[in-house]
Amino acid sequence: MNAQTHEALKGKIWEIANRLRGPYRPPQYRLVMLPMVVLRRLDCVLEPTKDAVLRQREKLEAQQMPEAAMDRLLGKAADPNRKHPLYNTSPYTFERLLGDAENIAPNLVAYINGFSPTARSIFERFKFADQIEKLDASNRLFTLVKGLASVDLHPDRIDNLQMGYLFEHLVMRFNEQANEEAGDHFTPREVIRLMANLIYTGEQDVYKPGIYRTIYDPACGTGGMLSESEKLILSQNARAQLALHGQEYNDESWAICCSDMLIKDEDTSSIVLGDTLGDGRTRDGFQGKRFHYMLANPPFGVEWKDQKTQVENEHKTLGLAGRFGAGLPAINDGSLLFLQHMIAKMHPHADGDEDQPGSKIAIVFNGSPLFSGDAGSGPSNIRRWIIENDWLDAIVALPDQLFYNTGIFTYVWLVTNRKPPERRGKVQLIDGTRFFQKMKKSLNNKRNEISEEQIRFLTRVYGNYRDGETAEVQINGQTETRVISRIFENREFGFLKVTVERPLRMHFEATPERIARLDEQTAFANLAVSKKRKDQAQVEREEAAGRRQQDAIRDLLATLEGNGRYRDRAAFDADLTRAVKRAGLKLPAPLKKAIFAALGERDPDAEICRDGKGRPEPDSELRDTENIPLPPGTALPLPMDFGPDKPNDRLIAAFRDEIDAYIAREVLPHVPDAWVDYDKTKVGYEIPINRHFYVYKPPRPLDEIEADISRLEGEIAGLLKGLIA
């Protein structure tokens with residue numbers, strides 16, 4: 001079907017939807033139109049064999065055929081070539097429903113109930129039965145059925161791909177009316193085609209005649225990624241045997257996906273309804289199963305609070321034996337959880353072993369998974385786990401304004417445990433941000449699209465696997481030659497985060513102003529706070545005693561005022577101890593700490609403050625960190641117990657020389673009294689893809705800028721003269 005016909009079809013469906021105005025607000029159109037379009041699609045498929053099915057049903061009922069056998073035989077009557085039965089045993093079609101306008105509501109219910117069991121389960125998820133009475137009461141039902149009866153949705157005229165486009169357009173329009181996130185439901189088809197082309201590049205086995213392969217999408221929406229994958233493979237290998245699997249939590253999207261699968265005669269039981277991560281009511285629908293290829297556009301920038309309990313429990317109890325052992329991302333973005341989930345479903349891989357074929361993943365992310373999280377955090381540890389296991393194959397940066405619900409830049413990650421020898425130990429980064437064309441008409445935030453030629457070009461860049469490959473791109477209307485492919489060793493994304501301490505230096509002085517600061521110290525203020533609650537007299541006695549103790553401490557400190565400023569905490573501590581002893585007071589450690597805080601100030605010329613063992617105390621305000629790149633030749637995985645709060649003794653033993661050399665070279669020349677707190681050393685991983693493709697452009701010469709300013713000033717002066725005149 002050409003673009004003009006497709007646009008006409010979308011316009012016709014939307015014109016029919018607008019007939020609902022009145023009893024329905026535009027955001028509510030979806031409650032009616034999505035199931036009605038699916039119903040009309042099925043009606044067009046089954047209408048040619050309707051009479052044959054009715055005759056077969058009458059014959060089977062007369063023979064008192066068992067229900068299970070009837071389902072199979074009625075399915076064969078509708079289409080003898082189908083593996084999964086699809087039929088309708090009611091006497092109605094859309095045209096026949098129009099013949100009895102007075103009873104159209106009960107007849108439509110009977111029509112829906114006449115579908116084969118799988119089709120009925122789809123309509124149950126649409127909850128369309130709840131709308132029929134409302135439509136009938138508002139005199140909209142007949143008009144709606146009549147309008148859709150004039151729309152031919154038979155697969156001979158509109159194939160499954162075009163039908164997918166139509167559904168996605170409707171979902172987007174309805175979500176736009178409701179101000180919802182359209183991208184929660186589907187991905188632009190050109191993005192899916194790019195992902196499919198990338199994931200199957202270099203996959204020779206998938207093009208062998210008769211090969212069996214499984215494809216999985218854990219957030220399948222309306223099924224676009226599954227359909228595009230199937231289309232791409234079958235276009236080059238018609239004899240491939242493909243099993244499509246998916247999971248979706250949205251009822252409408254699940255129903256649309258299943259209806260598409262049903263019409264294509266594929267197993268709808270492989271599309272599971274529920275929350276992939278697990279929300280306490282539903283869970284992973286494919287526990288223990290593995291897949292050859294996996295594609296997904298998980299919700300990014302979306303909180304996973306509803307799944308928090310289940311995910312954290314699996315993380316703690318199963319560790320790396322479960323799906324989320326590498327770490328947990330920030331609660332406001334659960335996209336990395338989906339990637340861990342998919343990695344858990346990879347087939348094991350062994351070169352030359354057909355029983356361990358390995359798997360390949362393509363997943364769309366925003367920029368957050370590239371760099372969010374500090375060293376040792378959940379996101380950093382997830383990246384570390386993936387890269388140190390040599391699973392990250394490539395990342396392709398996509399243009400902005402490509403998705404319907406967001407204008408941000410997005411990235412396709414390719415992850416696999418079966419890298420070819422030349423790719424092992426390395427990651428390819430591809431800058432595809434300049435490969436787009438402007439759309440003639442924007443759709444929400446989507447103003448750009450990737451052409452088929454650009455998809456093929458980016459796929460070739462990935463397949464070429466060349467470091468430094470260049471291309472001519474358009475930048476601010478100018479053609480420039482830019483590097484678009486870079487290849488890095490895995491270790492180049494890792495670094496050691498080293499904590500550098502500097503000694504605490506303070507002077508102390510018992511002036512009235514500093515003594516008054518004691519009231520701001522919690523330990524000192526709490527002396528006059530009673531812990532009693534019920535006995536008021538006891539409360540008053542305790543508080544009075546506390547105030548007397550406070551006064552005694554103030555008086556004690558005042559005796560040190562004449563000693564002037566102490567530039568050595570040890571000397572001040574010694575005099576304070578003697579004064580306390582003379583006054584017959586007790587000074588617990590918290591109170592002494594409060595006095596040091598109130599009477600002390602940082603002073604770079606003071607002596608170093610030391611602990612009881614004579615070691616310098618670190619100054620938290622001067623604490624800094626250094627990110628030290630992993631040196632060439634670093635063997636991965638690093639010698640460290642994986643995960644936060646784990647011992648790092650083996651890590652320090654392996655890198656102590658590199659850390660000390662870096663500190664001696666980069667830190668000590670500037671701050672000679674610094675030292676490293678080795679116990680705080682952590683491993684971090686980030687992927688600064690934009691930095692690797694950044695091209696510095698020096699500012700224009702000053703004389704050119706001055707000339708432009710002078711010219712503009714002259715133009716402004718001329719305009720002002722015209723106004724005055």
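Remember, predicted model here, so these are calculated numbers, not experimental data.
Of all heavy-atom pairs spanning V498 and I628, the tightest one is CG2-CD1, 3.6 Å. What you find for Y662 and N627 is that their closest heavy atoms are OH-O, 4.2 Å. When all heavy atoms of G376 and N381 are compared, the closest pair comes out as O-ND2, 3.2 Å. In plain terms, the two heavy atoms of R565 and R514 that are nearest each other are NH2-NH2, 3.8 Å.
Residue I361 holds its CD1 atom at 5.0 Å from CE of M342, rounded to the nearest 0.5 Å.
In terms of the side chain to side chain donor-acceptor pair (under 3.5 Å) criterion, Q521 has no residue partners (sequence neighbours excluded). S710 is linked by a side chain to side chain contact (heavy atoms under 4.5 Å, CB included) to nothing, counting only residues two or more places apart in sequence or in another chain. With sequence neighbours excluded, the residues that form a side chain to side chain contact (heavy atoms under 4.5 Å, CB included) with K231 are L161, E228. Evaluation of the side chain to side chain donor-acceptor pair (under 3.5 Å) rule for Y678 yields R656, D660 as partners, not counting sequence neighbours. By the side chain to side chain contact (heavy atoms under 4.5 Å, CB included) test, D333 pairs with F300, S335, N366, S368, sequence neighbours left out. Residues satisfying the side chain to side chain donor-acceptor pair (under 3.5 Å) criterion with E492, sequence neighbours excluded, are absent altogether. For K446, the salt bridge (Lys or Arg N to Asp or Glu O under 4.0 Å) criterion is met by E190, not counting sequence neighbours. When the side chain to side chain contact (heavy atoms under 4.5 Å, CB included) test is applied to P618, the partners found at least two apart in sequence or on another chain are E501, R623, W675.
No cation-pi contact links R569 to F508, judged by a cut-off of 6.0 Å to the six-membered ring centre and 45° from its axis.
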Please table the atom pairs, donor to acceptor, closer than 3.5 Å between any side-chain atom in residues 435-442 and protein atoms at least two apart or in another chain.
from, atom 1, to, atom 2, distance (Å)
Q437, NE2, E449, OE2, 3.2
K438, NZ, N448, OD1, 3.1

Under 3.5 Å, side-chain donor or acceptor atoms of residues 697-707 against the rest of the protein: list the pairs with distances, not counting sequence neighbours.
from, atom 1, to, atom 2, distance (Å)
K697, NZ, E480, OE2, 2.7
R700, NH1, D708, OD2, 2.6
R700, NH2, D708, OD2, 3.1

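Here the rule is side-chain hydrogen bond (donor to acceptor under 3.5 Å, both in side chains) with N297, and of T187, T410, D217 only T187 fits it. The residue from F488, Y685, F371 that alone fulfils the ring-ring contact (aromatic ring centres under 6.0 Å, His included) condition with F493 is F488.
With respect to R505 and E601, no salt bridge is recorded, no charged nitrogen being found less than 4.0 Å from a carboxylate O.
Within the structure, the ring-ring contact (aromatic ring centres under 6.0 Å, His included) test picks out no pair touching residues 703-724 (sequence neighbours left out). Sorted by first and then second residue, the pairs that involve residues 391-414 and meet salt bridge (Lys or Arg N to Asp or Glu O under 4.0 Å), not counting sequence neighbours, are D393-R423.
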**Request:** Assess whether side chain to side chain donor-acceptor pair (under 3.5 Å) is satisfied between D390 and N490, documenting all intermediate values.
**Result:** CA-CA 7 Å; D390 198 22; N490 288 344; 2.9 Å; yes

**Request:** Might you work through the side chain to side chain donor-acceptor pair (under 3.5 Å) test for E686 and S380, ending with a clear yes or no?
**Result:** CA-CA 7 Å; E686 62 181 15; S380 178; over 6 Å; no

